[in-house]
Amino acid sequence: MQTELIAVTRTEKGKEAAKKLRRSGLIPAVLYGHRFEPLHIALQERTFLAALRRERGLHGLVKLRVEGAEDGEHTVLVKEVQRDFLKDHILHVDLQKVHDDEEIQATVSLHFTGEAVGVKAGGILNHYLYEVRVQCLPKDLPESIEVDVSHLNLKESLRVADLPRLEGIKYLNKPEEIVAAVTPKRVREAARVVRTLFEAEPEEESAAAESVEGAGPEGEASAPAEGEEETTGPSGEEG
């Protein structure tokens with residue numbers, strides 16, 4: 001089922017107009033495309049956020065209905081979503097109108113299937129790509145691409161060049177880019193240890209070194225450094 005977004009046309013522009021829209025539950029957006037005059041619209045924030053959560057991002061073709069517009073039905077791609085991460089809201093959305101006879105570039109999710117033989121042998125399957133960029137006609141754009149990893153053995157990898165050949169689909173990622181790989185557990189554990197060592201805070205390392213250097217025999221206080229005098233407490237006892 002194709003996702004549907006609902007919008008209304010808008011005439012006011014600028015920061016103050018955008019703030020007013022957001023306060024009323026709308027998101028400023030623009031619809032553009034080849035052979036199409038850009039249209040400034042406002043999306044219903046509630047339906048847009050629901051679609052984002054449901055689809056885990058809007059990568060495929062989306063149906064856009066612009067209420068009150070003469071030509072109100074469009075098939076679009078969500079090209080960019082601008083966010084304010086501090087205030088946790090969406091600032092602006094760019095939508096591209098697509099035509100049936102023109103190729104588009106889009107992001108498609110990868111769906112991994114099967115259990116790698118290398119995993120059964122004690123390895124770990126690492127995913128490096130969860131989506132890829134493709135170029136195709138709108139009618140050929142898949143919702144996702146199924147990737148079988150069951151044949152991967154220990155120390156084997158699957159690259160973009162190994163992805164399924166789909167009619168009308170051209171992959172835009174570099175062919176040599178790794179999608180998934182099976183690595184031995186000990187390699188991953190060694191990488192974790194090295195990463196932990198290099199991520200240690202310099203202050204912590206310095207404090208640890210000072211603690212080791214200044215510690216005397218167990219149960220004894222360390223002697224004052226050469227040139228330092230022993231201090232006494234308020235009662236006159238040695239500290």
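All values below come from the heavy atoms of this structure, side chains included, with hydrogens, waters and symmetry mates left out.
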Visitor: Rounded at 0.5 Å granularity, tell me how far OG1 in Thr47 sits from CG in Leu52.
Guide: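 Those atoms lie 10.0 Å apart.
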
Visitor: Can you name the closest pair of heavy atoms from Glu73 and Lys97 and give their distance?
Guide: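 Taking every non-hydrogen atom into account, O-NZ, 4.5 Å.
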
Visitor: So, for Gly60 and Leu141, which heavy atoms are closest and what is the spacing to 0.1 Å?
Guide: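 That closest heavy-atom pairing would be CA-CD2, 4.1 Å.
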
Visitor: If you round to the nearest 0.5 Å, how far is CG of Asn153 from NZ of Lys120?
Guide: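 These two atoms lie 11.0 Å from each other.
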
Visitor: Please report the shortest heavy-atom distance between Ala181 and Ser157, naming the atom on each side.
Guide: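 Taking Ala181 first and Ser157 second, the nearest heavy atoms are CB-CB, 3.7 Å.
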
Visitor: What side-chain donor-acceptor pairs closer than 3.5 Å can you find for residues 15-31, not counting sequence neighbours?
Guide:
unit_1	atom_1	unit_2	atom_2	d
Arg22	NH2	Leu91	O	3.1
Ser24	OG	Lys20	O	3.3
Ser24	OG	Leu21	O	2.7

Visitor: Given side chain to side chain contact (heavy atoms under 4.5 Å, CB included), test Ile178 with Asn126 step by step and report yes or no.
Guide: CA-CA 10 Å; Ile178 296 177; Asn126 298 288; over 6 Å; no

Visitor: I need the minimum non-hydrogen distance between Val182 and Ala116, along with the two atoms involved.
Guide: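 Result for this residue pair: CG2-CB, 3.9 Å.
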
Visitor: Out of curiosity, does Val119 fall in the hydrophobic cluster containing Tyr128 (side-chain heavy atoms, cut-off under 4.5 Å, transitive links)?
Guide: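 Unlinked, Tyr128 and Val119 end up in two clusters.
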
Visitor: With rounding to the nearest 0.5 angstrom, report the NE2 to CG distance, His89 to Leu86.
Guide: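 His89 NE2 to Leu86 CG: 9.5 Å, rounded to 0.5 Å.
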
Visitor: Could you tell me whether the side chain of Arg159 reaches within less than 4.5 Å of the side chain of Pro175, counting heavy atoms only?
Guide: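 No; the side chains remain at least 4.5 Å from each other.
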
Visitor: Roughly how far apart are Glu156 CD and Asp162 CG, rounded to 0.5 Å?
Guide: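 Reported value, rounded in 0.5 Å steps: 10.5 Å.
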
Visitor: Quick check for you: to the nearest 0.5 Å, what is the distance between Glu4 atom CD and Lys63 atom NZ?
Guide: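 NZ of Lys63 is found 5.0 Å from CD of Glu4.
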
Visitor: For the atom pair SG (Cys136) and CD (Glu103), what is the distance rounded to the nearest 0.5 Å?
Guide: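 The CD atom of Glu103 is 7.0 Å from SG of Cys136, to the nearest 0.5 Å.
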
Visitor: Can you get from Ile169 to Leu172 by hopping between Ile, Leu, Val, Met, Phe, Trp and Tyr side chains that sit under 4.5 Å apart?
Guide: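 They do not share one cluster, since no chain of ILVMFWY contacts under 4.5 Å joins Ile169 to Leu172.
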
Visitor: Is Val132 reachable from Phe112 through a run of I, L, V, M, F, W or Y residues, each pair having side-chain heavy atoms under 4.5 Å apart?
Guide: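 Yes; tracing contacts between hydrophobic side chains, which count when under 4.5 Å, links both residues.
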
Visitor: Less than 4.5 Å apart, any side-chain heavy atom of Ile104 and any of Leu61?
Guide: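 Of all side-chain heavy-atom pairs linking Leu61 with Ile104, at least one is under 4.5 Å.
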
Visitor: Any idea which heavy atoms bring Ile6 and Glu67 closest together, and the distance?
Guide: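 In this case the closest contact between Ile6 and Glu67 is CG2-OE2, 3.5 Å.
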
Visitor: Tell me if a side-chain donor or acceptor on Arg10 pairs with a main-chain N or O of Ile41 at a distance below 3.5 Å.
Guide: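 Between the backbone of Ile41 and the side chain of Arg10 there is a qualifying donor-acceptor contact (under 3.5 Å).
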
Visitor: Only counting residues at least two apart or in another chain, list the ones meeting salt bridge (Lys or Arg N to Asp or Glu O under 4.0 Å) with Arg35.
Guide: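 In terms of salt bridge (Lys or Arg N to Asp or Glu O under 4.0 Å), with neighbours along the sequence ignored, Arg35 is linked to Asp101, Glu102.
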
Visitor: Val134 versus Tyr171: any side-chain heavy-atom pair under 4.5 Å?
Guide: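 Of all side-chain heavy-atom pairs linking Tyr171 with Val134, at least one is under 4.5 Å.
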
Visitor: Please name all residues satisfying ring pair (Phe, Tyr, Trp, His ring centres under 6.0 Å) with Tyr32, sequence neighbours left out, ordered by chain then number.
Guide: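 Ring pair (Phe, Tyr, Trp, His ring centres under 6.0 Å) list for Tyr32, sorted by chain: empty.
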
Visitor: Is there a path of hydrophobic side-chain contacts, each under 4.5 Å between heavy atoms of I, L, V, M, F, W or Y residues, that connects Val76 with Phe36?
Guide: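 Yes; Phe36 is reachable from Val76 via cluster members.
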
Visitor: Side chain to side chain contact (heavy atoms under 4.5 Å, CB included), that's the test. Do Glu45 and Ile90 meet it? Break it down for me.
Guide: CA-CA 9 Å; Glu45 184 179 34; Ile90 296 175; 5.6 Å; no

Visitor: Does any part of the side chain of Val149, heavy atoms only, come nearer than 4.5 Å to the side chain of Thr113, both counted from C-beta?
Guide: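 Not touching, per the 4.5 Å side-chain cut-off.
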
Visitor: Should we say atom CZ of Arg133 is surrounded by more than 12 heavy atoms from elsewhere, each under 6.0 Å from it?
Guide: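 Check passes, neighbour count above 12.
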
Visitor: Does the side chain of Leu95 come within less than 4.5 Å of Leu39's, by heavy atoms?
Guide: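 Side chain of Leu39 against side chain of Leu95, heavy atoms only: no contact under 4.5 Å found.
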
Visitor: Any chain of hydrophobic side-chain contacts (each under 4.5 Å) joining Leu154 to Leu125?
Guide: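 Leu154 and Leu125: one cluster.
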
Visitor: What's the shortest heavy-atom distance between Leu77 and Gln105, and which atoms?
Guide: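 Between these two residues, the closest heavy atoms are CD1-O, 3.8 Å.
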
